[in-house]
Amino acid sequence: MKTLAVISRKGGAGKTTVSVNLTMAARALGVKAVLADADPLRSATDVLGSREDAASLLFPTTPAKLFALTQAASRSGADLLIIDTAAAPESDITQAVKVADLCLAVARPTYLDLSAAVRSAQIIKHLGREGMIVLNQCAPARRGVEPPAVVKAFDALRFAGLETAPIALRSRMAYQNAFTSRTGVCEADGKDSASLEIKALFRHVWRALKAQGEAPIRTANDDIRMFEALQTLG
Ligand SMILES: Nc1ncnc2c1ncn2[C@@H]1O[C@H](COP(=O)(O)OP(=O)(O)OP(=O)(O)O)[C@@H](O)[C@H]1O
Ligand SMILES: [Mg+2]
């Protein structure tokens with residue numbers, strides 16, 4: 001099993017949007033993904049907690065319990081555990097970074113978010129973990145031409161010391177509408193622009209995770225076993 005921590009020191013950058021949508025994209029592509037909500041604000045739980053499949057999909061937790069949760073998720077047969085974290089100082093996200101095979105630092109293409117992403121990159125490297133920066137809430141490209149802010153963001157991040165994912169998520173109503181209906185964007189027809197970009201981002205991230213070592217893709221429906229194993233954590 002692989003573990004992905006989604007972090008950013010700036011509130012509202014899109015950690016929950018990225019975590020929830022990557023989890024659902026993974027599942028749509030046959031990867032058994034579960035989501036740990038380690039943010040005391042419980043935004044991911046607000047989105048997914050009332051779904052029928054919540055018990056086998058979503059695990060509200062605390063940073064202190066993340067190590068045990070990772071082990072339980074692995075034992076239960078999950079392929080991927082994604083951790084949504086709080087916008088918090090280093091000390092509060094250290095646990096998530098430490099248990100992660102890969103940390104995604106989410107940033108909007110703004111000066112303050114990019115500065116925060118560079119700091120996050122330093123923390124990730126300081127803790128000896130691997131990371132990737134994901135740009136979110138970018139203005140859409142027009143006729144294939146990137147908005148100047150997005151070009152500048154990619155440019156500035158060349159010096160962050162971590163790869164920036166080549167797929168930047170755009171600012172789209174689909175992300176907000178999906179949350180209103182307690183879903184990820186790829187649960188509708190799956191062919192709209194938001195679905196395509198989040199699946200493309202997932203594939204990129206999953207390739208990076210697999211390049212670290214074996215991460216078998218499981219397609220079997222094993223929800224009950226996973227549910228029982230994770231419930232033992234209380
Ligand atoms: N790509 C996007 N397109 C449109 N809206 C977005 C996008 N990403 C995030 N949002 C919206 O921006 C707001 C903040 O996003 P989100 O809650 O995912 O950020 P966060 O980093 O998890 O925030 P917090 O720090 O409070 O946990 C939400 O209303 C969300 O719907
Ligand atoms: Mg959040």
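First listed ligand is number 1; within each ligand, the first listed atom is number 1.
Atoms NZ and OG, from K2 and S74 in turn, are 11.0 Å apart once rounded to the nearest 0.5 Å. With rounding to the nearest 0.5 angstrom, the CZ atom of R119 is 13.0 Å from the OG atom of S8. Here D113 contributes atom CG and N136 contributes atom CG; the two are 9.0 Å apart, rounded to the nearest 0.5 Å. Between the CD atom of E130 and the SG atom of C103 there is a distance of 9.5 Å, given to the nearest 0.5 Å. Between C138 atom SG and I167 atom CD1 the span is 12.0 Å, to the nearest 0.5 Å.
The two residues P60 and R42 come nearest to each other via the heavy atoms CB-NE, 3.7 Å. Scanning all heavy atoms of the two residues, the minimum distance from A174 to V185 falls at O-CG1, 3.4 Å.
Atom 7 (C) of ligand 1 has Q137 CG, 3.5 Å as its closest protein atom, hydrogens excluded (heavy atom only). In terms of protein heavy-atom proximity, atom 25 (O) of ligand 1 is closest to K15 NZ, 2.8 Å.
Contact annotation for atom 14 (C) of ligand 1: protein present (non-hydrogen atoms, distance under 4.0 Å). The protein does not reach atom 28 (C) of ligand 1 closely, with no heavy atom under 4.0 angstrom from it.
Any N or O atom pair closer than 3.5 Å counts here, and Q176 shares at least one such pair with ligand 1. Between R170 and ligand 1, at least one pair of N/O atoms sits closer than 3.5 Å. In terms of polar-atom proximity, defined here as any N/O pair under 3.5 Å, T17 does make such a contact with ligand 1.
Distances from ligand 1 to the non-hydrogen atoms of A13 include at least one value under 4.0 Å. Contact analysis puts N136 in contact with ligand 1, with a non-hydrogen atom separation below 4.0 angstrom.
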Any chance you could lay out the side chain to side chain contact (heavy atoms under 4.5 Å, CB included) test for D46 and F179, step after step, and finish with the verdict? CA-CA 9 Å; D46 285 343; F179 276 5; over 6 Å; no

Please assess R158 against E163 for the test salt bridge (charged side-chain N to carboxylate O under 4.0 Å, His left out), listing each intermediate value before the final yes or no. CA-CA 8 Å; R158 282 189 298 134; E163 178 199 346; over 6 Å; no

Going through the checks in order, is the side chain to side chain contact (heavy atoms under 4.5 Å, CB included) test met by K10 and R108? CA-CA 9 Å; K10 293 287 289 175; R108 291 161 291 202; 4.1 Å; yes

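For the residues A178, A88, G12, G14, the heavy atom positioned nearest atom 24 (P) of ligand 1 is part of G12.
Contact annotation for M173 and ligand 1: no heavy atom of the residue comes within less than 4.0 Å of the ligand. The side chain of D39, and not its backbone, has at least one atom closer than 4.0 Å to an atom of ligand 1 (non-hydrogen atoms only; side chain from C-beta on). The part of R172 lying near ligand 1 is the backbone, judged by heavy-atom distances below 4.0 Å. Counting heavy atoms closer than 4.0 Å to ligand 1, residue T16 contributes atoms from both its backbone and its side chain.
Near the Mg ion (ligand 2), less than 2.8 Å away, sit the protein N, O or S atoms T16 OG1.
In K125, the NZ atom is crowded: over 12 heavy atoms of neighbouring residues, nucleotides or ligands sit closer than 6.0 Å.
With ligand atoms numbered from 1 in the order given, ligand 1 contributes 25 (O) to contacts under 4.0 Å with heavy atoms of A87. With ligand atoms numbered from 1 in the order given, ligand 1 contributes 25 (O) to contacts under 4.0 Å with heavy atoms of G11.
Looking at heavy atoms from C-beta onward, V20 lies in side-chain contact with L35 at the 4.5 angstrom threshold.
The closest side-chain donor-acceptor pair between N177 and T180, if any, does not fall under 3.5 angstrom.
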